[in-house]
Amino acid sequence: MFAYVLRRLLYAIPILVGVNLLTFALFFVVNTPDDMARLQLGAKHVTPEAIERWKVEHGYDKPLLLNTRATGSAQLTDTLFFQRSAAMFAFQFGKGDDGRDIGNEIQTRMGPSLAIALPVFVIGLLVNITFALLMVFFRATYLDLWGVVLCVVLMSISGLFYIIAGQYFIAKLWNLLPISGYAGGIHGLKFILLPVLVSVVAGIGSGSRWYRTIFLEEIGKDYVRTARAKGLSEIRVLFRHVLKNGMIPILTGAVVVLPLLFMGSLITESFFGIPGLGSYTIDAIQAQDFSVVRAMVFLGSFLYIVGLILTDISYSWVDPRVRLQ
Amino acid sequence: MSLVTSHFVPVLLWTDALIFMLLIVSLAAVWWIRRHAHLRAPWAAVARRPMAMGAALVLAVFVVIGLLDSLHYRERLDDSPPDRPQYSVEVLSVFDALAGRLRTQQEKTYSAPLAMHLYAKEFTERDGATVRDYPRLKYGGAHLKQADEYVPDIVRRILVGLLQGLAGSLLLFGLLAAWQARHERMRLGGWLSAWATGHLGWPGRTVVIVLTLMLILGAVMARLAAGYHVFGTDKVGQDVLYISLKSIRTGLVIGTLTTLVTLPLAIVLGIAAGYFRGWVDDVIQYVYTVLNSIPGVLLIAAAVLIVQVAIEAHPDLFDTAAARADVRLLALCVIMGVTSWTSLARLLRGESLKLRTLDYVEAARAFGVSHARIISRHIFPNVFHLVLIAIVLDFSGLVLAEAVLSYVGVGVDPAMYSWGNMINGARLELAREPVVWWQLGAAFVFMFTLVLAANLFADGVRDAFDPRLEERR
Amino acid sequence: MLGIGLLAGCSDSWNNPYPDTDAHANVLYSAFSERPKHLDPARSYSSNEAEFTGQIYESPLQYHFLKRPYTLIPLTAEAVPKPRYFDAAGQPLADDAPTTAIAESVYEIRIRPGIRYQPHPAFARDATGRFLYHALDVAALKDKTQISDFPQTGTRELVAADYVYQIKRLANPRLSSPIFGLMSEHIVGLKALGDALEKASRAHPGTELNLNDFPLAGAEVVDRYTYRIHIKGKYPQFIYWLAMPFFAPVPWEADAFYAQPGMADNNLTLDWQPVGTGPYYLSENDPNRRMVLTKNPYYHGETYPEDGDGADRQAGLLADAGKPLPFVDKAVFSLEKETIPYWSKFLQGYYDSSGISSDSFDQAVQFSAGGDPRLTDSMREKGIHLVTAVAASIWYVGFNMLDPVVGGQGEDRRKLRQAISIAFDYDEFISIFLNGRGIPAQGPIPPGLFGYVDGVAGLNPYVYEAHGGKIVRHPIEMARKLLAEAGYPNGRNAKTGEPLVLYFDTMASGPDTKSRLDWMKKQLDKLNVQLVVRGTDYNRFQDKMRKGNAQLFEWGWNADYPDPENFFFLLYGPNKKVATGGENAANYDNPEFNRLFERMKDMDNGPERQQVINAMLEIVRRDAPWIFAYYPKSFGLRHDWVHNVKPNLMANNTLKYRRIDPDLRAARRAEWNRPVLWPILLLAGSVIAIIAPAVVAWRQRERTTA
């Protein structure tokens, strides 16, 4: 088990190097260090000397991938790419172009992101499973039919509309909750309610429909028929067997997104003014802050790989036939 | 003839070319499927589903509008010399020509749906004195002399539209009944009773009802649009109905062309990884894990910026605003395709891994049949249903993604008609007092209709093609 | 639902984003939409940063809060300094000496004694007088992430050396001050200091530079409270820079404190944690969420101005005359990036004022018969007040004068530009996109600045005409005629017959880009000229401007200081963007204009200067290198409980004048934010209504099968 995880983590290194190389190439095609300097220095009274100085100060005066002026291994190491990437593997993200420490920023922003993402994940899972079970329970009645239609309808609405409508009605028209903002601790509860509610509702459509199919698949299996033939009541069958076995694909499917919860949600966070990693990423894209974007890409891919490993482990845990090798 | 041709010069944008290529491929596929019974069977199953058929009809309307909007041309300038015709830089489409007044009748600024006045008060000269009032619109309700004619006029238009729609659908229904009865060699009465009781073998009732509803809706809209702005006007006084209809093409292009990019990558790489295994598998898995692990938005943001740079570097290649917007749309499709092929590829890889161990595939290999032949004969046909399901399922997700990307600022060109841009603009409108809601509302209605129809149709296709689901029912 | 119920127990307004305990506190609430990048006075240059730095740092001079035109008054200085002039031999010259004779101007500034810095750990000393926190190691800083994590604070008296220290900081290459380039042309020895610092910085890359070791010839400390600045030649505009945070004092202790290893890693830098003498200090700095300014307990004190005009008295702006400043104990700025929440919270009473210029608030305003803006009835019922002011800035559409089609000084090119200027109906633009929040521009100088001529006398005769005392745009026929004379009858090249196609470059961002681009196209349709709009991002746009690849482009300029020189220099030939990288983006270069500019910039305000300015205006209006689009007006809204608001586009230290009535605010908030409960009941009811029949049906089925 331990050896397996270790090997998988080592296997992750070439992937992370690839990710890094790709983002590096993409963003430097677009934004030369000169562009970045100009963006940071503002529009007024900017002289070419000021740009040169900024580049030197921020270490952007080195060649990108290959330093032809250096000798030996320094040809590769004394470059922008190496200097910026090597530290990242030790989770030293350095400073953003605005001068703030990225690692520090990630630490403080993780909390708010999780404060939204975790409840959305847990409540969403519970609500979706409840809905799906209800539909399965009342299968072949009008509730199931219209439940599925409702799911498809809910799925067909863009997430942006849920947010806009939620803010407009609940916060603005009915004065029930603050429209945006964030605070730590118990006082922060009222800020979290609205984004969580909106995100959960936005996810009901696809979530419950998917779980419904999983439960239906389970219900059609032989052991369920046997159980029913034994005279177990419908509710017992549903909870004892269908729910229990259906949870395996649901949970293992959910594990992969678990680490990514840290990254937060781009849209929700910026609409509701949550100072999390999602809005950090959006800000970085809009400000074209290359260092932050790369740090976020790195973090995102790392967490994704962790998610994959967790999925494998959870598979072997629920199904002993799957062996980790 | 020469008179007609010299009035415009056709313009073939990149996306137009791809759309029509896609159309030709689809038509060829339809022709191919019709000739093969085993391919036809699942489609016949789709055709038996009322929900799917109703959705398909709605989709068809969207597709027709999108296709009409993909036939682009540049108008000849009125006063250009006949020997050396010159053309406007504005790129129009056949749809624009059909929409005619919708496009050209621009008000000054906001007006509410079906309004006859602007949404903001202005100073107007009336009887020699300056008064502050809501000015009348230049076009919307301009035919009315008195304000009290307004309600009767609207009611009259709705009623006329209703009647015209009903009459049209009755006519169509009659023709359909006559043709079907002849085709099935039944008596008209017999066919009608079979239709009414739902014993036709295809969802005749649903199709007719949906068709009737659409015709009525279309006729009422057309009646109203002739005199009013049905969905109001936007900030620069453009008809919101027109904007919403123009956005259909953008939505369809993103939903379909992206899959066009996805498919070759996913099919070739997915099957290759599963079939060849070994180092091929390793490399492909490496590539798709790398791509998958980069948050999509960031990748798309970078790609869109690259395209911007490319456009600025070659201003002569993209000499019209339409060409610039178009190439950005295409780039968006490509990059979304590049980021989204991985899930399908993974699915196909798994399936191919299973298929390659089957007896007849092993046997074929033992006989020295070439890999290309095995893949095209044995593997590909057996995973095709997965590809198809993926196409229809992805479509709606892509349409929805466009809105979010435009919101983040990395979506389609800001000058392009799209639902994402409409929603983006509505952010400011909702903060107005009183609220301007119709642009958001129109975007919602159109997007919702398209996505809902696509989802319902996709459900039908999936149920028909996925044998696992079929046997459970 | 339970959560909502719990909250209901705590307060009357469920949607209150602030703790209920603060309901009656003397705290001002507002928002910021973008996190400030720099709070270091040597680096900060944008207006959203000035909102904070203006309250914290005190430059020697400030603008009078009420007086118009903008007047400089002393802040920490004893008096507004008058420059003394010297010739090349160092001999003093008379005040009216010719510009050419002046080799150096000297500003001697005397600051008031007894001014103290805000409490800050950088000043904290132990019993023996040694600095407590100047020799910390990384380990000691591990858990220190905010300034408030340091238990001890201290203060120190402000001395003249702090001002000189800050001027040296402008040259520090590690700070890349945005005005270093400009100032090194004016301040004696600043360039040399910059070079010396850069050399030292390269020689010792890891270590902090001690600026006290480097001399600056142009800034000298005379005594504890007096310092002198030497300016090359004559630069009358320099006095305005002395009212900007760039010339505010920075104590060397702060630099030494923040230079300690480990500080920067915890985001403890002067760029984020300012140290000033102003009425407020930054007590909480969480740019991701909120920034809090708290009253500086060591503030030297100032009183509310007593000299305002009749209009100010009528507006109640003199009610607090003579009272000690500041009024508000605390100011809380919350991050609000989206317009909808911002606007909603303002209407709910959770923000006291709505920032001075935001696009989304325009529908709140109507225009009265006289064209004066007025709030809508529903707004006025809420007791919301409107604050308007014309900003000292201009938006323009520039023609690239290097472009073969629209550029050049030929008579036909000039007519083409004039025709296009008439066709771009910015009067309509203002009413559609700004809802009247702008004034059609008649030239480069906005109102409120010396040189601006009001009314019909100041119209641009090439675009406008007087019509019964009103300024009206020339009819479009005139533009068509000019276009024909320029060689494009009906938008066609008279020689080749080809249609005229123009390219318009703009930074396309923001939700209403699409509408704006459509509008642009519509304008030239009137002339049958084809316009291709090329929207692009900031970097690409800048790139084009630098290379001179654009044809038409849209740009704006915000005044640094209220002097016409700050606008005319945008058209001064030697400032051309292409080749010199200056601010003259149109690359306009007219020798006559250049000559007049050189004369005008050193003149004192007066009839003679006005004459020169008029001559310059005539030249640029005729040459039309810009379409003078509009001078934006800023509209702000404030609630009834906010007092002493007068827009001042030059001053940014106006928070200290603000007064609020917290009790009225608490009452209004409670009144406006009563929760509406029926939707919750309706939702619960409908869920029951949907599920109940199914439950009943299931029960029956159970009973029959059992």
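Chain letters run A, B, ... following the sequence lines, proteins first, then strands; residues in each count from 1. Values reported hereafter were calculated over all heavy atoms of this structure, with side chains retained and with hydrogens, waters and symmetry mates removed. Since this is a predicted model, take the numbers as computed values, not measurements.
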Shortest non-hydrogen separation from A/Ser158 to B/Ala403 and the atoms involved:
OG-CB, 4.2 Å

Does A/Pro14 offer a backbone N or O that forms a donor-acceptor pair with the side chain of B/Tyr286 under 3.5 Å?
yes

Where does A/Ile157 contact chain B at under 4.5 Å (heavy atoms): side chain, backbone, both or neither?
both

Closest heavy-atom pair, B/Asn455 versus A/Ser156, reported as atoms and distance to 0.1 Å, is ND2-OG, 3.0 Å

When heavy-atom pairs shorter than 4.5 Å are enumerated against chain A, which of B/Thr449, B/Leu299, B/Val404, B/Asn292 gives the highest number?
B/Asn292

For A/Leu22, is it the side chain, the backbone, both or neither that has a heavy atom under 4.5 Å from a heavy atom of chain B?
side chain

Heavy-atom pairs under 4.5 Å with chain B, option from A/Val293, A/Val153, A/Ile305 with the top count
A/Val153

Would one find more than 12 heavy atoms of other residues, nucleotides or ligands at under 6.0 Å from atom CZ of A/Phe302?
no

Is A/Leu266 in contact with chain B via its backbone, its side chain, both, or neither, using a 4.5 Å heavy-atom distance?
side chain

Using heavy-atom distances under 4.5 Å, tell me whether B/Leu452 contacts chain A through its side chain, its backbone, both, or neither.
both

Part of A/Ile164 lying under 4.5 Å from any heavy atom of chain B
side chain

Under 4.5 Å from a heavy atom of chain A, the part of B/Thr289 involved
both

For the residue pair A/Val19 and B/Ser293, what are the closest heavy atoms and their distance?
CG2-OG, 3.4 Å

Evaluation steps, side-chain contact (heavy atoms from CB on, under 4.5 Å), between B/Leu298 and A/Thr23
CA-CA 9 Å; B/Leu298 297 175; A/Thr23 33; over 6 Å; no

Give, for atom CD1 of A/Ile15 and atom CD of B/Gln285, the distance between the pair rounded to the nearest 0.5 Å.
8.5 Å

When the 4.5 angstrom heavy-atom criterion is applied to A/Leu308 and chain B, the contacting part is side chain

For B/Met51, is the CE atom crowded, meaning more than 12 foreign heavy atoms sit under 6.0 Å from it?
no

What one should report as the nearest heavy-atom pair of A/Met155 and B/Leu400 is O-CD1, 3.6 Å

Quick one: what part of A/Tyr168 sits under 4.5 Å from any heavy atom of chain B, side chain, backbone, both or neither?
side chain

So what's closer than 4.5 Å to chain A heavy atoms on B/Leu440: side chain, backbone, both or neither?
both

